[in-house]
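I have placed the structure first, in the form of structure tokens, so that the comments after it can refer back to it.
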Amino acid sequence: MAEGIEHPIVTGPSAPMTDRQNEKKKLMVHLAAVVREARKTAELTQADVADRVGIVTEVFGRLERGYLLPSVLTFRRLCRVLRLDANIALGLDVEKDPSWLKVPEPEADDPPALRRLVRTLRRMDAAQVAVMLSTANALVRHTAQRPEGQAE
């Protein structure tokens, strides 16, 4: 396969798509539509774009049909050649902050003690969180090893 291009998703009737694969497929289809529209608007052929990006025409054609995703470097060159906003090409909502920037709200069903613990953990530095994680894992392993009904 050409350099700078990810391998396509291989699915079949016996292999249902995972959430990650489904999300990747949606991204491939969205990116293909945006790239195709930008190429046509720029009045360029697939060969023109492929040459300017530095990939072979067949690979660009597969990308434009939604069969593969470009590497980050190829994606960057593609955005530059087609004068694409990377956020739009990736399907990111540019009107509001990305979801990964937001601090998740505590679950309404979480007990108050758990919410207090989470607030306390958020105030800790990385080393303190690592100690707490190690302690919590040890506690879970210890309680899992005890037979049911046995108290200390």
Side-chain angles (χ1 to χ4, degrees), residues 1-137 140-141 144:
M1 191 164 285
E3 183 179 321
I5 304 295
E6 284 190 13
H7 296 286
I9 296 174
V10 178
T11 60
S14 62
M17 289 179 68
T18 64
D19 287 343
R20 184 175 178 185
Q21 287 173 324
N22 195 22
E23 187 71 23
K24 187 174 180 180
K25 182 62 181 168
K26 286 179 184 176
L27 175 60
M28 288 169 27
V29 169
H30 174 79
L31 181 61
V34 170
V35 166
R36 187 178 319 105
E37 184 62 33
R39 178 183 60 82
K40 289 180 178 182
T41 300
E43 298 180 351
L44 297 171
T45 66
Q46 286 185 346
D48 292 334
V49 175
D51 184 53
R52 293 175 188 188
V53 171
I55 58 178
V56 295
T57 305
E58 291 78 12
V59 170
F60 180 76
R62 294 187 71 212
L63 186 151
E64 194 176 83
R65 287 189 305 277
Y67 294 133
L68 54 84
L69 287 173
S71 68
V72 173
L73 183 60
T74 300
F75 176 70
R76 186 172 182 227
R77 289 189 304 235
L78 190 62
C79 288
R80 196 175 288 148
V81 166
L82 294 174
R83 297 182 183 272
L84 277 174
D85 181 332
N87 289 319
I88 293 170
L90 293 172
L92 300 174
D93 187 352
V94 292
E95 296 298 317
K96 55 185 178 181
D97 290 336
S99 60
W100 51 266
L101 263 183
K102 299 175 186 164
V103 175
E105 294 295 320
E107 294 290 324
D109 297 341
D110 286 345
L114 181 57
R115 292 195 303 263
R116 284 193 301 273
L117 175 61
V118 169
R119 281 194 303 270
T120 301
L121 289 170
R122 285 190 177 131
R123 291 193 310 263
M124 293 181 176
D125 63 29
Q128 292 170 318
V129 170
V131 169
M132 290 302 295
L133 179 60
S134 179
T135 303
N137 284 330
V140 168
R141 281 192 305 274

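When reading the values below, keep in mind they use all heavy atoms of this one structure, side chains included, and skip hydrogens, waters and symmetry mates.
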Single hit among V34, V49, V53 for side-chain contact (heavy atoms from CB on, under 4.5 Å) with L82: V49
Intermediate values then yes/no, side-chain contact (heavy atoms from CB on, under 4.5 Å), L44 and R52: CA-CA 10 Å; L44 297 171; R52 293 175 188 188; 3.5 Å; yes
Partner set under side chain to side chain donor-acceptor pair (under 3.5 Å) for D48, not counting sequence neighbours: T45
Residue pair G66 / K25: nearest heavy atoms and the distance that separates them: O-NZ, 3.1 Å
Heavy-atom pair with the smallest gap, counting every atom of H30 and A89: CD2-O, 3.2 Å
Gap between atom CZ of F75 and atom CZ of R80 - 0.5 Å precision: 12.0 Å
Value rounded to 0.5 Å, distance of CG in L78 from CZ in R39: 11.0 Å
Close side-chain approach of I55 to P70, heavy-atom, < 4.5 Å: no
Evaluation steps, side-chain contact (heavy atoms from CB on, under 4.5 Å), between M124 and L121: CA-CA 5 Å; M124 293 181 176; L121 289 170; 3.8 Å; yes
T135 side chain vs V131 backbone, donor-acceptor pair below 3.5 Å: yes
Stepwise side-chain contact (heavy atoms from CB on, under 4.5 Å) check, L90 with L27: CA-CA 7 Å; L90 293 172; L27 175 60; 4.1 Å; yes
Interatomic distance, M28 atom CE to R62 atom CZ [nearest 0.5 angstrom]: 8.5 Å
CD-CD distance between E37 and E64, expressed to the nearest 0.5 angstrom: 10.0 Å
Derivation and outcome, side-chain contact (heavy atoms from CB on, under 4.5 Å), residues L73 and R77: CA-CA 6 Å; L73 183 60; R77 289 189 304 235; 3.6 Å; yes
Which atom of A38 lies closest to which atom of L84, heavy atoms considered: CB-CD2, 3.7 Å
Neighbour count >12 (heavy atoms, 6.0 Å) for atom CZ, R65: yes
